[in-house]
Student: 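Mind looking over this structure? Questions follow.
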Amino acid sequence: MRFVLAGVFCVFLSWGALAADPKPIMVAVGEEFEVVLDSPSGADRQWLLSKPLDESLLKQAGRQYRNQPVSNAPARRCEALRYKAVAKGKAELHLKFASLFEKDQSSVRKTNFVVVITQAGVGSAK
């Protein structure tokens, strides 16, 4: 099984939506990939799905916290979300950085990714 890393470094998101949509993540059926996002420590927040995942195309395969180096700065805490492509198609990941326990979600950070899944052996990551 091939593993595709969708984010080599943490994506540092400001509060609110991203200014521009990120490039699509290209993977083949059977591949796993990671989306790596900034996840400040000391809060009870984590990256959560803000819309249900289309499990006919993608399955969540894991979550890991790690410290990513940043040039001329202390390492940043990141959250790596791992997914596995299970069928050909186009899926969307809608994510929010929020608490499971907060009722007021007005200040959550959000981001979206498009995942294009090709037949096995045809996908590539950019």
Student: Kindly compute the distance separating NZ (K96) from CZ (R45), expressed to the nearest 0.5 Å.
Tutor: 10.5 Å
Student: To the nearest 0.5 Å, tell me how far Y83 OH sits from I25 CD1.
Tutor: 9.5 Å
Student: Who passes side chain to side chain donor-acceptor pair (under 3.5 Å) against Q64, sequence neighbours left out?
Tutor: R66
Student: Salt bridge or not between R77 and D38? Use side-chain N to carboxylate O under 4.0 Å.
Tutor: no
Student: Output all residues satisfying side chain to side chain contact (heavy atoms under 4.5 Å, CB included) with E92, sequence neighbours left out; order by chain, then residue number.
Tutor: H94, V114
Student: Compare every heavy atom of V86 with every heavy atom of L58, then report the nearest pair and how far apart it is.
Tutor: N-CG2, 3.9 Å
Student: Can you tell whether the side chains of R82 and E34 come within less than 4.0 Å, N to carboxylate O?
Tutor: yes
Student: What closest approach, in Å, do V29 and A87 show between heavy atoms, and which atom pair accounts for it?
Tutor: CG2-C, 3.6 Å
Student: For Q119 and A28, which heavy atoms make the closest approach, and how far apart are they?
Tutor: O-CB, 3.5 Å
Student: List the atom of L81, the atom of Q60, and the distance in Å for their closest heavy-atom pair.
Tutor: CD2-NE2, 4.3 Å
Student: Determine the minimum heavy-atom distance between A80 and V36, stating which atoms define it.
Tutor: CB-CG2, 4.0 Å
Student: Checking N67 now: which residues fulfil side chain to side chain donor-acceptor pair (under 3.5 Å) with it, not counting sequence neighbours?
Tutor: none
Student: Minimum heavy-atom separation for L57 and K88, please, with both atom names.
Tutor: CD2-O, 3.4 Å
